[in-house]
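Report on one structure; see the data block that follows.
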Amino acid sequence: MPETRTSEIGGETANIVESSTAAEPNQPQRYSPAEIEPKWQAVWDADKTLYAADAHDSGKPKYYCLEMLPYPSGALHIGHVRNYAIGDALARHMWMRGYNVLHPMGWDAFGLPAENAALKNGVPPREWTLSNIAAMRKQMQRMGYGYDWSTEVTTCLPDYYRWNQWFFLKMFEKGLAYRKKSKVNWCPECCTVLANEQVIGGRCWRHEDTVVELRDLTQWFLRITKYADELLDGLEKLEGWPEKVRTMQRNWIGRSEGAHVDFAVADGDAKITVFTTRVDTIFGATSVQLAPEHAVSKAFALEDDALRVQIEELLEQQKVARESDALGAIEKHGVFTGRFAVNPFNGERVPIWVANYILADYGTGAIMSVPAHDERDFEFAQKYGLPLRRVIAPNVDTTDLALPYTGEDEAVLIDSGEWTGENCLEAQEKMAAFAKVNGFGTPTVTYRLKDWGVSRQRYWGTPIPMVYCDKCSPEEPLPVAESELPILLPEQVDITQTNGSPLGRIPEFVNAKCPKCGGVARRETDTMDTFVDSSWYFYRYADAKNSAAPFDSDKANYWFPIDQYIGGVEHAILHLIYSRFWTKVMRDLGLVKNDEPAARLFTQGMVIKDGAKMSKSKGNVVSPDDMILRYGADATRMYALFAAPPDRDLEWQEEGVAGISRFLSKVYRLTTKFSGVARAKGSMTAPKDQALLRRLHQTIAKVTHDFDGRWHFNTSISSIMILVNEITANEAAMDAGEISPGAVAEVFRSLILLLAPFAPFFAAEMWEELGGEGVVFRTQWPAVNEELARDEEVEIPVQVNGKLVTVVKVPAGSDEAAVKAAALADEKVKARIEGKTVVKVIVVPGKLVNLVVK
RNA sequence: GCCCGGAUGGUGAAAUCGGCAGACACAGCGGACUUAAAAUUCGCAGAGAGCAAUCUCGUGGGGGUUCAAGUCCCCCUCCGGGCACCA
């Protein structure tokens, strides 16, 4: 993923005193991640098939576990560590449950930071990026993440981006990619255009201090709006996605049902089409309001110099407000144009105004103003003395009669000609239909979502595969032939100048042959938004080496949809709406069968430190390398899962990592101490076995359950700690041989299997120590023995009038009468109810007894 | 303004279906081991009162439903996030 305002971590490595967990000669049985982890890493790295998926006909159910790919900034930050620890635990667990797992990783490798680094250090973007990738891949391997590196995807390499170009050509062919001149967001810091989705609060997504400007430019757009309804409706079916993300996307798409109504301009040929969601209030319209940039405003301005000046002023106010993200708070100003428009419903002439709060790029850029029934229109009318006309009244008893009255569910039309008495909601439909029949309007739907602007005036991105030929096609850009792909990004490029696209300064790149007439043509010099790269990368994992197509459809249809997608909520709109769009386009091209890319989405919380998001400027950045050095990768990733449920923000406390390290040391000591007994196995008959085995099977049940959807690994790990505490409590008994070797073997083997998804290096080492066969995280996940897990006795709290009095022990599964009898027989209970009448006894078997007394 | 989350000890948190609030950890305190420290290990630990047994209060605030509410309903406060003169 492109980094969203995340500062890079890198370079400085703290001077750390020799780790306290390092091996000491006198105590060879001590846990030493510094020895164990590199040892197993070497073993795993050498085995290319270790994390590879099986063939499609393996007979196993498939499971596609995916974490969002990182931007190769040069170093993993702690947020990555958490994200990948969640995905890796899940992938390993699914392997152990017998699934055919696809668990890939790649690099979102195009983007501006590479160019900035080039400017700063003089290293070419490609070189900088590739060396960062190498460093981060190494870090990931050091963390012990189980990725199938044979499917690695690097988006800045031609074997990937040529398919961006291929998709672009397909979209151009289908009319989904087009060029238009429009107002676009320009970041002066990035020196490039940004998509609407990349403008956050009026500022650049990369530069939170930089106000985005608006410029009129001709740019390439992808027609995401064609899928607006499907993107919206599809959200209903995405039950495996967080409600928050679905809501954010709903808001972003911003569907609004209403009507277009044409108001003819009096004394002229022009007409003004307004968009309204309340056509039922049209008899109350007392003016028409235009955006300053509306064509009719401009036409009037041409005829009237004084008016032109005023309109320009309104436009300037709007621009200033927009750029400072204060559009919502703009002080309303308007000017009467001196002209009138005719309301087609009642033939009334209403004044035409131009106002600064009317936006040219939403709806039609024109509204009808109904001050009696709209807050904004009311405010504007009050300010300029425009008349109010009530045309809606509630049809229920209410005191809510003040104007503006905006109700519509329980309200009817009044003083509205033939529509008088109609219910508002019904009238909206009928009046829009009436307008259509009579040729002065139509029901319509408006969206907040706009088409995706993908042109970037930058070097380090996918070249757009289009050319311009002045001779044979002066108006229309021409697509290059598919056989010409990839259009390679040139290597030696001067990116130091900031005006215009860097590729435009390379004649060898710009000069192209016209695909139509064969003459000299100009190549498009803008590159694609990096969000194009991340919109479909996960399909490439299914068939990463394919040189004839982006991927083979059969392979994609086997793996898709992604079973579980895991990443940060900061991509809730950007990446996650683009990739849903891309999937629908690919489906319509016949490449895939799925409608949505991911069946389930999990958004993990942020990692914070000292109460704030980590950033270099705050000086609260935690380096994963430091953590590995001090506590090892296993303790670091296990802490990331233990400290908070994965969907919540996590406050990083180094003491906590130390605590996990202590826990692992304890397990290490116990396992090495009893591995001899465990290896011997043998009978399982000692009387003291039962309590230990009961705890074991309760733990297996708990951890297994946590993996089935809830993922509260903090509670999984805590239950494993409880098991280890139970083992410690039985240590003396085990020393004395009072626990049978068979039970010891089962407890330790299962314990290590339960830890395998969370601490893979540690588990591998301990598995070997126990004489376990094969690879630990391909070993069958331990099964719960319900019989062994069942408690013999349960403690039942006894309440009198809802207050806890005592706890009585009864055999598990006791019936109501037995529990009641036990409660009433208790001395404390007797004392408490003495001399009182027991009115009612509530017995919840296995849970509690409550005596209601008077 | 609308929408989505959240608020529980000194701290991170648990309580998954309305049934013992604070599991498991971190930090802290005390004991053992040690010449000493670290490490390890055993124990204490929501707040208040009491020598103690024990009692009272306690899940942001106020009301309600219920034998029983952190959990359900209504109202409110604060924090995080999204959308916003979007007609």
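Owing to the predicted nature of the structure, the values given are computational and were not obtained by experimental measurement. Throughout, protein chains are lettered first and strands after them, A, B, ... in sequence-line order, and every chain is numbered starting at 1.
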*Indicate, with a heavy-atom threshold strictly under 4.0 Å, whether Gly254(A) touches base, sugar-phosphate, or nothing.*
nothing

*Would you call Gln249(A) and Arg580(A) a side-chain contact if the rule is heavy atoms closer than 4.5 Å?*
yes

_What contact category does Glu654(A) fall into here, base, sugar-phosphate, or nothing, at under 4.0 angstrom with non-hydrogen atoms?_
nothing

_Distance in angstrom units between Tyr357(A) OH and rC86(B) P, rounded_ = 10 Å

*Would you say rA14(B) has OP1 or OP2 under 4.0 Å from some side-chain N or O of Arg648(A)?*
yes

*Identified pairing partner of rG22(B), criterion: Watson-Crick or G-U wobble below 3.5 Å*: none

*Do you see a donor-acceptor pair shorter than 3.5 Å between the side chains of Thr715(A) and Asp706(A)?*
yes

*Check Val296(A), Val288(A), Leu315(A), Leu314(A) against Val354(A) for a side-chain contact (heavy atoms from CB on, under 4.5 Å) and give me the one that passes.*
Leu314(A)

*Under 4.0 Å between a side-chain N or O of Arg832(A) and OP1 or OP2 of rC55(B)?*
yes

*asked:* Tell me whether the side-chain N/O atoms of Arg710(A) come closer than 4.0 Å to OP1 or OP2 in rA15(B).
replied: yes

*Map Glu655(A) and Asn801(A) onto RNA chain B by nearest heavy atom, then report which one ends up closer to the 5' terminus.*
Glu655(A)

_By the 4.0 Å heavy-atom rule, please label Pro242(A) as base, sugar-phosphate, or nothing._
nothing

*Paired with rG70(B): which nucleotide, if any, by Watson-Crick or G-U wobble criteria at under 3.5 Å for both distances?*
none

_Residue matched to rG28(B) through Watson-Crick or wobble contacts both under 3.5 angstrom_ = rC44(B)

_Determine whether the aromatic ring centres of residues Trp353(A) and Tyr384(A) are separated by less than 6.0 angstrom._
yes

_Within the 4.0 Å heavy-atom criterion, would you say Gln799(A) contacts the bases, only the backbone, or no part of the nucleic acid?_
base

*Would you mind classifying the nucleic acid contact of Val844(A) as base, sugar-phosphate or nothing, using non-hydrogen atoms under 4.0 angstrom?*
base

*Between Phe713(A) and Phe707(A), is the ring centre distance below 6.0 Å?*
yes

*P spacing across the pair rC75(B) / rC83(B), given as an integer number of angstrom*: 27 Å

_Please tell me if Arg250(A) has a side-chain N or O lying less than 4.0 Å from either OP1 or OP2 of rG82(B)._
no

*May I ask you to evaluate whether Lys803(A) reaches the phosphate of rC57(B), defined as a side-chain N or O under 4.0 Å from OP1 or OP2?*
yes

_Atom-to-atom span, CD of Glu243(A) to P of rG6(B) - whole angstrom_ = 12 Å

_Test of ring centre spacing under 6.0 Å for Phe263(A) and Phe440(A)_ = no

*What is the distance from NZ of Lys847(A) to P of rC67(B), rounded to the nearest Å?*
20 Å

*Syn or anti for rC67(B) (syn when the glycosidic angle lies within 90° of 0)*: anti

*Considering every strand shown, what is the Watson-Crick or G-U wobble mate of rU59(B) when both distances are under 3.5 Å?*
none

_Taking rG63(B) as the reference, what is the distance to rC51(B) when you measure between their C1' atoms (whole Å, please)?_
42 Å

_My understanding is that a pair needs two contacts under 3.5 Å, Watson-Crick or G-U wobble. By that rule, which nucleotide pairs with rA87(B)?_
none

*P atoms of rA49(B) and rU41(B), separation to the nearest Å*: 35 Å

_Side chain of Leu359(A) (C-beta onward), nearest among rC57(B), rA87(B), rG81(B)_ = rA87(B)

_Need to verify one output field. Residue with the more 5' nearest nucleotide on RNA chain B, Leu650(A) or Ile796(A)?_
Leu650(A)

_Shortest side-chain distance from Phe642(A), nucleotide among rG19(B), rC24(B), rC20(B)_ = rC24(B)

*Looking at every strand, decide which applies to Phe380(A) at a 4.0 Å heavy-atom threshold: base, sugar-phosphate, or nothing.*
nothing

*Go through rG81(B), rA23(B), rA25(B) for me and flag the one nearest to the Met721(A) side chain.*
rA25(B)

*Look at the side chain of Asn850(A) against the base of rC67(B) and say whether a donor-acceptor pair falls under 3.5 Å; ignore hydrogens and angles.*
yes

*Please state whether the phosphate of rA14(B), meaning OP1 or OP2, lies under 4.0 angstrom from any side-chain nitrogen or oxygen of Asn714(A).*
yes

*Under 4.0 Å between a side-chain N/O of Ser719(A) and OP1 or OP2 of rC24(B), yes or no?*
no

*asked:* Heavy atoms from C-beta onward define the side chain here; which of rA87(B), rU41(B), rG19(B) lies closest to that of Lys666(A)?
replied: rU41(B)

*Which base, if any, makes a Watson-Crick or G-U wobble pair with rU35(B), both distances under 3.5 Å?*
none

*Under a 3.5 Å cut-off for both distances, is rC78(B) Watson-Crick or wobble paired, and to whom?*
rG6(B)

*Which nucleotide in the list rC24(B), rA15(B), rC20(B) gets nearest to the side chain of Thr715(A)?*
rA15(B)

*Rounded to whole angstroms, how far apart are CD on Glu651(A) and P on rA7(B)?*
16 Å

*Could you go step by step and tell me if Tyr639(A) and Tyr631(A) meet the ring pair (Phe, Tyr, Trp, His ring centres under 6.0 Å) rule?*
CA-CA 10 Å; Tyr639(A) 171 73; Tyr631(A) 309 103; 9.3 Å; no

*Which part of the nucleic acid, if any, lies within contact of Thr728(A), taking any heavy atom under 4.0 Å across all strands shown: a base, the sugar-phosphate backbone alone, or nothing?*
sugar-phosphate

*To the nearest Å, how far apart are Glu731(A) CD and rU40(B) P?*
14 Å

*asked:* Which residue in the set Asp233(A), Thr446(A), Asp229(A) passes side chain to side chain donor-acceptor pair (under 3.5 Å) when paired with Arg255(A)?
replied: Asp229(A)

*Nearest-neighbour nucleotide for the Leu804(A) side chain, rA14(B), rG80(B), rC20(B) considered*: rC20(B)

*Quantified in whole Å, what is the P atom distance between nucleotide rC44(B) and nucleotide rU34(B)?*
24 Å

*Indicate, with a heavy-atom threshold strictly under 4.0 Å, whether Arg662(A) touches base, sugar-phosphate, or nothing.*
sugar-phosphate

*Do the non-hydrogen side-chain atoms of Phe275(A) and Thr444(A) ever get within less than 4.5 Å of each other?*
yes

*Partner of rA49(B) by Watson-Crick or G-U wobble geometry, both contacts under 3.5 Å, or none?*
rU54(B)

_Pair Phe642(A) and Phe663(A), ring centroids less than 6.0 Å apart_ = no

*Nucleotide nearest Ile722(A) when distance is taken to its side chain, options rC3(B), rA23(B), rA87(B)*: rA23(B)

_Rounded to whole Å, please give me the gap between CG in Asn725(A) and P in rA25(B)._
5 Å

*Provide, to the nearest angstrom, the distance between the CG atom belonging to Leu851(A) and the P atom belonging to rG19(B).*
19 Å

*Determine if the base of rG9(B) is syn or anti; take syn to mean the glycosidic torsion is within 90° of 0.*
syn

*Could you state the atom-to-atom distance from OH of Tyr31(A) to P of rA39(B) in whole Å?*
17 Å

*In terms of side-chain heavy atoms of Lys244(A), which of rG80(B), rA23(B), rC83(B) is nearest?*
rG80(B)

